[in-house]
There are 2 protein chains.
Amino acid sequence: MKDTEQDIIDSAILIFNEDLSAPLEKVAEQAQTTRRTLHRYFKDRKELMDSCQKEVRKTCHAAMLKAYNSSDDPMEKLERMFYAGVDCGTKHSFLHKLHTMHDHSHQAGNEECSGYDNTFHVWKSHLQYLLETGKINPVLTLDWIHHLHHGIVAASIATQTARKMPDAELKKLAWVSFSRAISI
Amino acid sequence: MKDTEQDIIDSAILIFNEDLSAPLEKVAEQAQTTRRTLHRYFKDRKELMDSCQKEVRKTCHAAMLKAYNSSDDPMEKLERMFYAGVDCGTKHSFLHKLHTMHDHSHQAGNEECSGYDNTFHVWKSHLQYLLETGKINPVLTLDWIHHLHHGIVAASIATQTARKMPDAELKKLAWVSFSRAISI
DNA sequence: GGGCAATGTCTCAGATTTGTGACATTACCC
DNA sequence: GGGTAATGTCACAAATCTGAGACATTGCCC
């Protein structure tokens, strides 16, 4: 019981995250299928890329929202959202990468961009709240903490893929680091 | 007074860091020159890539060593090395990326890999020392802190390129975050 | 201005990547 | 077994990328 289309999308996210212009052969290989099959599901590179964008936005957005609503304690909300980021793994990184690329000019008018902004709106407004209520080091800016969040999530994923330790333990470690980094 | 060869290498590092398989046209464009000129300095893609690797290793290695020797205080050594990482910017990220890629099998036998290991050997052994002497949260592992270091440096660079604040101020902020993240 | 080195323009052949058609193979349901 | 949907194999043309030759242009030193 396997979903080829989903496998291809997941593989593409994995590959494109490391190498945006990688040949589609690599994606097919990662998905353990052939380029021919890939093209049966996606007309061309652009369509595949669009599906990837949609996928990462959908997944991350849902995970963020769920995490946000999973607790009443403000700091715990942040913790859950942090774990959500790690759980989304490569998708989380890819989404962020696409919108912080050197040539990418971020604009609210673009649908992709507003989707991205929307995904992290919950996180950002909550962080703004934590800053205002003095739960977080006021020296730090919202933008810095946002990048920091992504940086530490990326570090978690890198450590995971290197299989240095169990996922649950690592997540906890990463959260310890992040929470201390932004604490008063 | 400009050094075309160096411009091309720097541009290549910038481009390849984001898109490893980007066409050489993009690199030339970034260097404000043409593909033809690029090929006058570098026989082919491989040769350019090799030059990039050599460049990042050389630059980062020198910066790390200099930072390490610029202070006697153990914690200050770490701080200086952190700043060195931020100053090396994209080069630092690129070096790390090349050796933590999904397909890249890291092996000491390879010259590139031993060069990479060598570059961060100073940092790692110093961190080991800080861990053993109880200057750093003993819950954290060396490998985790290594990835964390790279993650926060990457976040700094991302924030820099977004021009959110002056470099010096940002570096300080980033260090505050990093030092707290690993503190007891 | 003459000479010279560096670079740009135009061109092109070869290599690689891409998208698709035709048909074989496999897996599974009835 | 027959039918069918999904996938694999092979083939191929179009598009793109790559590397290099031929020659024009630019900038600079004397």
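Keep in mind it's a predicted model, so treat the numbers as computed, not measured. In what follows, every chain begins at residue 1, and chains take the letters A, B, ... in the order their sequences are listed.
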The side-chain hydrogen bond (donor to acceptor under 3.5 Å, both in side chains) partners of Lys46(B) (sequence neighbours excluded) come to Asp50(B)

Exercise for review: Might you work through the salt bridge (Lys or Arg N to Asp or Glu O under 4.0 Å) test for Glu112(B) and Lys54(B), ending with a clear yes or no?
Suggested key: CA-CA 9 Å; Glu112(B) 294 292 350; Lys54(B) 194 175 170 184; over 6 Å; no

Between CG of Asp19(A) and C1' of dT17(C) the distance, given in whole Å, is 13 Å

Residues of residues 6-15 of chain B with a heavy atom under 4.0 Å from any atom of DNA chain C, listed by number, are none

Would you be so kind as to tabulate the donor-acceptor pairs closer than 3.5 Å made by side chains of residues 85-92 of chain A, with sequence neighbours excluded?
from	atom 1	to	atom 2	distance (Å)
Asp87(A)	OD1	Lys171(A)	NZ	2.9
Asp87(A)	OD2	Lys171(A)	NZ	3.3
Lys91(A)	NZ	Glu55(A)	OE2	2.7

Answer yes or no: does a side-chain N or O of Tyr41(B) lie under 4.0 Å from OP1 or OP2 of dT7(C)?
yes

To the nearest angstrom, the CG-P distance between Leu48(A) and dT18(C) comes to 11 Å

Separation of dT9(D) atom P from Glu29(A) atom CD, nearest Å, is 13 Å

Hits for ring pair (Phe, Tyr, Trp, His ring centres under 6.0 Å) against Phe82(A), two or more places apart or cross-chain, chain-then-number order -> His149(A), Trp175(A), Phe178(A)

Those residues at least two apart in sequence (or on a different chain) that pass side-chain hydrogen bond (donor to acceptor under 3.5 Å, both in side chains) with Ser70(B) are Arg80(B)

For residues 5-43 of chain B, the ring pair (Phe, Tyr, Trp, His ring centres under 6.0 Å) pairs (sequence neighbours left out) are none

Residue set satisfying salt bridge (Lys or Arg N to Asp or Glu O under 4.0 Å) with Glu25(A), at least two apart, ordered chain then number -> Arg35(A)

Per-nucleotide protein contact along nucleotides 15-22 of chain D, 5' to 3', at a 4.0 Å heavy-atom cut-off (B base, S sugar-phosphate only, - neither), is --SBBBBB

For Met101(A), the side-chain contact (heavy atoms from CB on, under 4.5 Å) test, sequence neighbours excluded, returns Leu20(A), Lys97(A), Asp103(A), His104(A), Glu18(B)

Can you name the atoms? Protein N/O to nucleotides 25-29 of chain D N/O, anything below 3.5 Å, with the distance.
none

Residue pairs passing the salt bridge (charged side-chain N to carboxylate O under 4.0 Å, His left out) test with at least one member in residues 133-156 of chain A, sequence neighbours excluded, are Lys124(A)-Asp143(A), Asp143(A)-Lys164(B)

Here the salt bridge (charged side-chain N to carboxylate O under 4.0 Å, His left out) pairs for residues 144-161 of chain B, sequence neighbours left out, are none

Inset, instruction - Return no unless some side-chain N or O of Thr34(B) is found under 4.0 Å from OP1 or OP2 of dT7(C). - result: no

### Flag for Ser156(B)-Trp144(A): side-chain donor and acceptor within less than 3.5 Å
no

From CD of Glu47(A) across to C1' of dT20(C) the rounded distance in Å is 14 Å

Regarding the side chain of Thr37(A), the nearest nucleotide among dG8(D), dT7(C), dG8(C) is dG8(D)

